Amino acid sequence: NPKYVPQRQEEKALLHLVTRVGALLGDLPGTAGYKIRMRNEIRSLINFHGTPAFFITLNPSDIHNPLVQIIAGDAITYDYIERGESLSEWQRRLMVAQHPAYCARFFHTMITSFIHIILRHGRSGRGLLGKCTAYYGTVEAQARGTLHCHMLIWIDGHPNPQRMRDMIQDDTEFQHNLFTWLEGIIKCELLGTTQ
């Protein structure tokens, strides 16, 4: 908690020590050394693979996904399943709040499925976004405690920023394809919001 104020003298001494040796604490999540290590890993990937093609945030809904109930197993009441009813939204929220480990397993399943199925990283063939050469993700908890992942994705053949700028300025076929693609996305978004 970056806003935590130490109360006891021992806490103050410990935080002072952590601040002074922060660069050495690359394996301790939340420290300055840990953040420096992650930035260095990203810089190494950029040096090796070039500019990432995508930055995405994955935020799977643990409250609304039935997979959490399947992972929970004995934690849910089977009376609802036997009658063919699903848990109410309140019951799902209560289960998620009482069993964070089930939600962590669900999150892990969703993220690894995204990597294996959508990106197809480390597998033959192309994924949904193209041939994924690398990815880098960091996991954070939101204010209510649910997990989400910020991810950089490198795609084989993705042009560097200067090449992309040149293509946007000079290549009329690329301009046409780009704006047709963007127009399609905007139409999909508009249709999705009006329904």
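The first residue in the sequence is number 1, and the count goes up from there. In this text the structure is predicted, and so the values were computed from the model without any measurement.
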Original post:
How about Asp166 and Gln162: does a side-chain donor come under 3.5 Å of a side-chain acceptor?
Top reply: yes
Original post:
Is there a donor-acceptor pair under 3.5 Å between the side chain of Trp154 and the backbone N or O of Cys132?
Top reply: no
Subject >> Hydrophobic cluster identity match, Val5 and Leu14, side-chain contacts under 4.5 Å >> reply: no
**OP:** Measure the shortest side-chain to side-chain distance between Ile168 and Leu178 over non-hydrogen atoms and say whether it is less than 4.5 angstrom.
**Re:** yes
Subject >> Closest contact, heavy atoms only, His158 versus Pro52 >> reply: NE2-O, 3.9 Å
**OP:** Decide yes or no for Glu140 and Leu147: does some side-chain heavy atom of the first lie under 4.5 Å from some side-chain heavy atom of the second?
**Re:** no
**OP:** Check whether Phe106 and Tyr102 end up in the same hydrophobic cluster, where Ile, Leu, Val, Met, Phe, Trp and Tyr are linked by side-chain heavy atoms less than 4.5 Å apart.
**Re:** yes
Original post:
Without hydrogens or angle criteria, can the side chains of Thr57 and His148 be said to hold a donor-acceptor pair below 3.5 Å?
Top reply: no
**OP:** Take Asn59 and Gln142, measure what side-chain contact (heavy atoms from CB on, under 4.5 Å) needs, and give me the verdict at the end.
**Re:** CA-CA 10 Å; Asn59 188 10; Gln142 296 175 352; 2.8 Å; yes
Original post:
Roughly how far, to the nearest 0.5 Å, is the CG atom of Asp171 from the CG atom of Asn177?
Top reply: 8.5 Å
Original post:
Do you reckon Met164 sits in the same ILVMFWY cluster as Phe179, going by side-chain contacts under 4.5 Å, direct or chained?
Top reply: yes
Original post:
Is the backbone of Thr109 close enough, under 3.5 Å, to the side chain of Arg105 for a donor and an acceptor to pair up by distance?
Top reply: no
Original post:
Are Ile118 and Val139 joined in one hydrophobic group, where the rule is that I, L, V, M, F, W and Y side chains link up if heavy atoms are under 4.5 Å apart?
Top reply: yes
**OP:** Run the numbers on Ile155 and Thr133 for side-chain contact (heavy atoms from CB on, under 4.5 Å), then give the verdict.
**Re:** CA-CA 6 Å; Ile155 301 296; Thr133 56; over 6 Å; no
Original post:
Would Arg43 and Asn40 count as having a side-chain donor-acceptor pair, cut-off 3.5 Å?
Top reply: yes
Subject >> Residue His108 excluded, over 12 heavy atoms near NE2 under 6.0 Å >> reply: no
Original post:
Is a side-chain N or O of Arg123 found less than 3.5 angstrom from the main chain of His116, in a donor-acceptor match?
Top reply: yes
Original post:
Under a 4.5 Å cut-off applied to non-hydrogen side-chain atoms, are Leu45 and Leu152 in contact?
Top reply: no
**OP:** Just do the side-chain contact (heavy atoms from CB on, under 4.5 Å) check on Phe54 and Met151 with the steps written out, would you?
**Re:** CA-CA 8 Å; Phe54 296 98; Met151 188 178 286; over 6 Å; no
Subject >> Straight-line distance of Arg165 CZ to Asp170 CG, nearest 0.5 Å >> reply: 9.0 Å
Original post:
Is Phe55 atom CZ crowded by more than 12 heavy atoms from other residues, nucleotides or ligands, each under 6.0 Å away?
Top reply: yes
Original post:
Step by step, would you call Phe107 with Thr146 a side-chain contact (heavy atoms from CB on, under 4.5 Å)?
Top reply: CA-CA 9 Å; Phe107 178 80; Thr146 58; over 6 Å; no
Subject >> Glu10 CD: over 12 foreign heavy atoms closer than 6.0 Å >> reply: yes
Original post:
Residues in side-chain contact (heavy atoms from CB on, under 4.5 Å) with Glu11, at least two apart?
Top reply: Tyr4, Pro6, Gln7, Arg8
Subject >> Shared hydrophobic cluster for Trp181 and Leu128 (ILVMFWY, side-chain gaps under 4.5 Å) >> reply: no
**OP:** Just jot down the ring-ring contact (aromatic ring centres under 6.0 Å, His included) partners of Tyr135, sequence neighbours excluded, or say none.
**Re:** His121
